Amino acid sequence: MWLVAADLAATLLFWGVTRLSDQTGKLSGGRGIIFYTDNAADASARIDKGVELLKAGRIDRILVVGGHRPQEGRLGSQEMALLAAKRSGQAAKVSADVESRDTISGLANLANTTSSSDSGRIVFISNCMHILRAKAIYSSHPGNQAKALGACPNGGFNPLDIWRRAHYEAGAWTLFVMPESWRDAIIDRLRGAEETA
């Protein structure tokens, strides 16, 4: 009983702290990075948030990352980017990273192609709990990357969904701190091995 109560309290605290990741009010340009998710409702909310920011001029363009599933023959980022292009009516400002299969590889690709001179700002668009981890991963890359802010979609107050996401994040943080060879082996198993040339 005490374990359940402690788990619920920790989940609530984590959720509350991560709400501070939403910096929508501070946005004034930059590249919006929408993270792929296979949860249709969450994906739609992330796309809508990105489109809203793009139309309002709060971001300059959108890049969707993640979702490369070699074993399924799918490019999740491309699927979401097509929806964002359609919803925004600004296809020229929407693109996808079709190589990344998870947050870690998506942010590695981003860090390798972004500098502090590239519009000066990156805006992560995702669930607030995810944005906290994304910022930690992004800042772990060497170099002088653009500053990263966060923008969380509205909603997402279902207690069961919050509990599930918090526990998913706990697993994802564990994966992030593992040695790279272990992490790659697990991701290969879960999402398919990356194709080699």
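The structure displayed is predicted, hence computed values, not measured ones.
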Considering only heavy atoms from C-beta outward, does the side chain of M129 approach that of I162 to under 4.5 Å? yes
Test item: D60 side-chain N/O and G29 main-chain N/O as donor-acceptor pair under 3.5 Å: no
I'd like to know if the side chain of R46 reaches the main chain of F35, judged simply by a donor and an acceptor atom lying under 3.5 Å from each other, with no hydrogens or angles considered. yes
Close side-chain approach of D97 to Y36, heavy-atom, < 4.5 Å: no
Should K93 and I62 count as side-chain neighbours, where that means a heavy-atom distance under 4.5 Å? no
Answer yes or no: is there a donor N or O on one side and an acceptor on the other, between the side chain of R58 and the main chain of G25, under 3.5 Å? yes
Nearest heavy atoms of A81 and A96, plus distance in Å: CB-CB, 3.8 Å
Indicate, with yes or no, if I34 and Y168 share a hydrophobic cluster defined by side-chain heavy-atom contacts under 4.5 Å among Ile, Leu, Val, Met, Phe, Trp and Tyr. no
Pair Q90, L54 - check side chain to side chain contact (heavy atoms under 4.5 Å, CB included), show working. CA-CA 9 Å; Q90 300 182 46; L54 184 64; 3.9 Å; yes
Can I33 be reached from M80 by stepping across I, L, V, M, F, W or Y side chains whose heavy atoms are under 4.5 Å apart? no
When you compare the side chain of I125 with that of I47, does any pair of heavy atoms fall below 4.5 Å? no
Would you check if the side chain of S44 reaches a backbone N or O of A40 as a donor-acceptor pair within less than 3.5 Å? no
Counting N and O atoms only, with roles assigned by atom type, does the side chain of S100 sit under 3.5 Å from a partner on the main chain of G66, one being a donor and the other an acceptor? yes
Can you name the closest pair of heavy atoms from C128 and D22 and give their distance? SG-CB, 4.0 Å
Quick one: do V65 and L110 satisfy side chain to side chain contact (heavy atoms under 4.5 Å, CB included)? Show the steps, please. CA-CA 9 Å; V65 301; L110 182 66; 5.7 Å; no
If you define the side chain from C-beta out and look only at heavy atoms, does anything of I59 sit under 4.5 Å from R31? no
Please check if the number of heavy atoms outside L3 that lie under 6.0 Å from its CG is greater than 12. no
CA sep, side-chain torsions, deciding dist, call: L53, L27, side chain to side chain contact (heavy atoms under 4.5 Å, CB included): CA-CA 9 Å; L53 295 172; L27 303 183; 3.8 Å; yes
Could you tell me whether the side chains of T24 and K49 share a donor-acceptor contact shorter than 3.5 Å? yes
Flag, side chain of H130 to backbone of S126, donor-acceptor distance under 3.5 Å: no
Salt-bridge test for D161 and R165: reply yes if a basic N is under 4.0 Å from a carboxylate O, no otherwise. no
Pairing of R87 and D48 as salt bridge, 4.0 angstrom limit: yes
Linking I/L/V/M/F/W/Y whenever any side-chain heavy atoms sit under 4.5 Å apart, do I137 and V177 land together? yes
Can you tell me how far the OG atom of S88 sits from the CZ atom of R61, to the nearest 0.5 Å? 14.0 Å
Let me check something: do V64 and F124 share a hydrophobic cluster, defined by ILVMFWY side-chain heavy atoms less than 4.5 Å apart, either directly or through other members? no
When every non-hydrogen atom of Q23 is compared with those of L149, the smallest separation belongs to OE1-CA, 3.2 Å
Close side-chain approach of R183 and I104, heavy atoms under 4.5 Å: yes
Which heavy atom of S140 sits nearest a heavy atom of F176, and at what distance? OG-CZ, 4.0 Å
Side-chain heavy atoms of C152 within contact of I131, under 4.5 Å: yes
